[in-house]
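Below is one structure, written out as structure tokens, with a few remarks after it.
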Amino acid sequence: MFPELNNLLNITPDRAEQGKLTLLCDAKTDGSFLVHHFLSFYLKANCKVCFVALIQSFSHYNIVGQKLGVSLTLARERGQLVFLEGLKSSTDVFFQAHEEPHPLQFLREASPGNLQPLFEFVREALKPVDNGEAAWRCPVLLVDDLSLLLSLGVGAVAVLDFVHYCRATVCWELKVSILCLMQGNVVVLVHDSGDAEDEENDILLNGLSHQSHLILRTEGLATGFCRDVHGQLRILWRRPSQPTAQRDRSLTYQYKIQDKNVSFFAKGMSPAVL
Amino acid sequence: MAAAATCGSGAGSTACMASAASKSNVTSFQRRGPRASGTDSGGPRLVSIAGTRPSVRNGQLLVSTGLPALDQLLGGGLAVGTVLLIEEDKYNIYSPLLFKYFLAEGIISGHTLLVASAKEDPADILQELPAPLLNDNYKKELDEDVYNHKIPESNVKMKIAWRYQLLPKMEQIGPVSSSRFGHYYDASKRIPQELIEASKWHGFFLPKKISSPLKVEPCSLTHGYLKLLQFIQNIIYEEGFDGSNPQKKQKNILRIGIQNLGSPLWGDDICCTENCDNSHSLTKFLYLLRGLLRTSLSACIITMPAHLIQNKAIIARVTNLSDTVVGLESFIGSEKETNPLYKDYHGLIHIRQIPRLNNLICDESDVKDLAFKLKKKLFTIEWVQDNYLRQERNIYPPGFSYLLKQKDSAWGEGSLQHSTFLMSFLAKATAFASRLVRHGEPLKQTGSGRIRQAAGPGLWHDGRRQEAPGFLGIPP
């Protein structure tokens, strides 16, 4: 996790917020450093994490995680991390027929299906264990990334349904026997296509922006590539459930990504310019 | 002389893939440095594959693309397990060259090749590969103002007899670090026949493969893509590139080359209509291919006619699914052909995307304005230094480049310095533009609508800016 980003968001691993949907959006740049940040943040905050990693392999996240101070292999062995590696299981599910539905079952279907097997997988992974004492704090679902599901033939509405189901389960599920609110968090990454008129992506992005509590939007600089400023980050705090009596708070920073850290500064205040 | 012909059908072998992926402990993205950090890392023995070298940044295993200049731009080479997507130029003249350089590099390094095409027979493609260039002739061919300072130092003349330099280094007699990474090729000569015959290659020619009946349940992949995917998966499993086959201990790289992917010859209609029936076929294929590559020792080059794809959303999705994306733009038939700045070059090369693998950052090159030229024998890439090019990207216009500290400014949008600068610039620009209008030339609109430029006479004479004041020819 990046300490500067924690300061900007005003969160610490000890006081992680609960019941929130965070939307990570990137336009014309790569916003995957935010995924690494949240992954290491929630692992350090002792939360149970279900990571649906569709775009990169496990070892990629593991190596970057080690730079940020968490070990994914250790977390997976301890049961803190449930990792669905999309790339490795995609060929598996595509070339072989499975009896029980695989989370990536939609890859085999000719017509765009729904993501119910994937949702079942998430629910199973984040179900609170029944042994009484809670080993981990709130459950967290992390998805990298949702725009890829559109490329694989799933409709935008089906993806929105999936996010809705996940939010309902992860953020507010009530158990029948014991009344315990499993207030977890959901963090998803969506690419913004920008000029390319990707209507499905726009539907997905607008739908998610409307229901998320926190939006982190990374953009490339409008003036082009720069070696010292890699992009701009817009942070938007929202309250989707309450009527907006107060305005949503928004902040904008520019950032530079380094080997193990990301430094943030106000616009135009890059150390290279001053 | 074991030239492996086109591989047999792989219908039965898919059943043998039972949990092959789970047993595989060879992924390409393990730390290959001297310290064994990964738990299931293959260890230092995987570093000794011919024709590869570890990246200086993260120890990632790299292979050469066949063009040392392109290797430099991509941060040392193409990472094993990734896809290099080449967006073809308009008339498909230069992208087959890059394709062939990649394959020729594979033959010289002793890698196994897999060539897939719907248009040409792979055997014919292999016949047309360029011949490697001998070391002492190479120095004569190069001009002075090329990427001389960035040529890898492995290009130093070897002190052994010259004809040994030509032999492919397949048997590792000495330490692997002494073998060359990245060779130069002579585009006017053909590769010697004996090198092709000594290499191992598999060909996939779509018209020959498609005649067999389809036995798989219908899915959203077009028939051609499905057969190609099965073929690739079969080769990877049979030859042991993913480490799952206990009989085969493979220590080589599989170089996959797919030509003209997405063209109508593959049965896909994304180049024909905007609202196509199976618009997800290509993206699904790329995703599954990526899954295959990540768990095997292979690298793939794909050329795609991106300029023909009608739906821009698909191009964006394809770019997100590929790791490295390079676009070629040739000057043939475009208005840039008459631009005296480009008179030595044949086109522009755009590095659109470089992957961040095992890392938060990537080795992005600072130079963005690159042009290529194909001389009699060599394909070279050079930096075109031009302030006019910036206008097309809506950065600072000429005359104010002296304010920039480096080639691209560290000033972001919205900063205070930027806005005061912009105000002063706009005041000058209107005066400047009004003076140019008097020459009577039509205003040519570039990049954004705010800044209008006119090509006045005398400005283009000799390609050097002569008359307009405020044009400091000092390169930043």
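Throughout, a chain's letter reflects where its sequence line sits, starting with A, and its residues are numbered from 1.
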- [ ] Kindly check if the number of other-residue, nucleotide or ligand heavy atoms within 6.0 Å of NZ (A:Lys28) is above 12?
- [x] no

Open item on the list: For chain B, which candidate among A:Leu54, A:Asn261, A:Asp145 shows the most heavy-atom pairs at distances under 4.5 Å?
Closed with: A:Leu54

Task: Segment of A:Leu150 engaging chain B (4.5 angstrom heavy-atom cut-off) - done: both

Task: B:Tyr287 side-chain N/O to A:Leu149 backbone N/O, donor-acceptor pair under 3.5 Å - done: no

Task: Smallest separation among heavy atoms of B:Thr295 and A:Lys88, with atom names - done: CG2-CG, 4.0 Å

TODO: Would you confirm whether B:Arg356, through its side chain, and A:Phe33, through its main-chain N or O, come within 3.5 Å as a donor-acceptor pair?
DONE: no

TODO: With a 4.5 angstrom heavy-atom cut-off, could you sort out which part of A:Glu199 is near chain B: side chain, backbone, both or neither?
DONE: neither

TODO: Could you please spell out the steps behind the side chain to side chain contact (heavy atoms under 4.5 Å, CB included) verdict for B:Arg294 and A:His60?
DONE: CA-CA 11 Å; B:Arg294 285 287 200 271; A:His60 167 80; over 6 Å; no

Open item on the list: Do A:Phe94 and B:Leu292 make a side-chain contact, defined as non-hydrogen atoms from C-beta onward lying under 4.5 Å apart?
Closed with: no

TODO: Ignoring hydrogens and angles, tell me if any N or O in the side chain of B:Lys284 forms a donor-acceptor pair with the backbone of A:Gly153 under 3.5 Å.
DONE: no

- [ ] Take B:Leu357 and A:Ile63, measure what side chain to side chain contact (heavy atoms under 4.5 Å, CB included) needs, and give me the verdict at the end.
- [x] CA-CA 9 Å; B:Leu357 299 168; A:Ile63 291 178; over 6 Å; no

Task: A:Asn62 vs B:Asn358 side-chain heavy atoms within contact, under 4.5 Å - done: no

Open item on the list: Quick check: closest heavy atoms across B:Gly291 and A:Ser90, and the distance to 0.1 Å?
Closed with: CA-OG, 4.4 Å

- [ ] Work out which heavy atom in A:Thr91 is nearest to a heavy atom in B:Leu288; give both atom names and the distance.
- [x] CG2-O, 3.6 Å

Open item on the list: Assess the residue pair A:Ile55 and B:Arg290 against the criterion (side chain to side chain contact (heavy atoms under 4.5 Å, CB included)); give the C-alpha distance rounded to whole Å, side-chain angles, the decisive distance to 0.1 Å, and a yes or no.
Closed with: CA-CA 9 Å; A:Ile55 197 85; B:Arg290 190 185 168 115; 3.8 Å; yes

TODO: With the side chain counted from C-beta on, respond yes when A:Asp259 and B:Asn359 share a heavy-atom pair under 4.5 Å apart, and no when they do not.
DONE: yes

Open item on the list: Please report the interatomic distance CG(A:Asp198) to CG(B:Asn320), rounded to the nearest 0.5 Å.
Closed with: 9.5 Å

- [ ] Sort B:Leu289 into side chain, backbone, both or neither according to what part of it lies under 4.5 angstrom from a heavy atom of chain A.
- [x] neither

Task: Top contributor to chain B contacts, counting heavy-atom pairs under 4.5 Å, from A:His36, A:Lys260, A:Gln258, A:His191 - done: A:Gln258

- [ ] Please lay out, stage by stage, how B:Leu360 and A:Lys67 fare under the test side chain to side chain contact (heavy atoms under 4.5 Å, CB included).
- [x] CA-CA 9 Å; B:Leu360 287 170; A:Lys67 291 189 181 184; over 6 Å; no

Open item on the list: Looking only at heavy atoms and a cut-off of under 4.5 Å, which of A:Gly231, A:Ser147, A:Ser151, A:Ala266 has the most pairs with chain B?
Closed with: A:Ser151

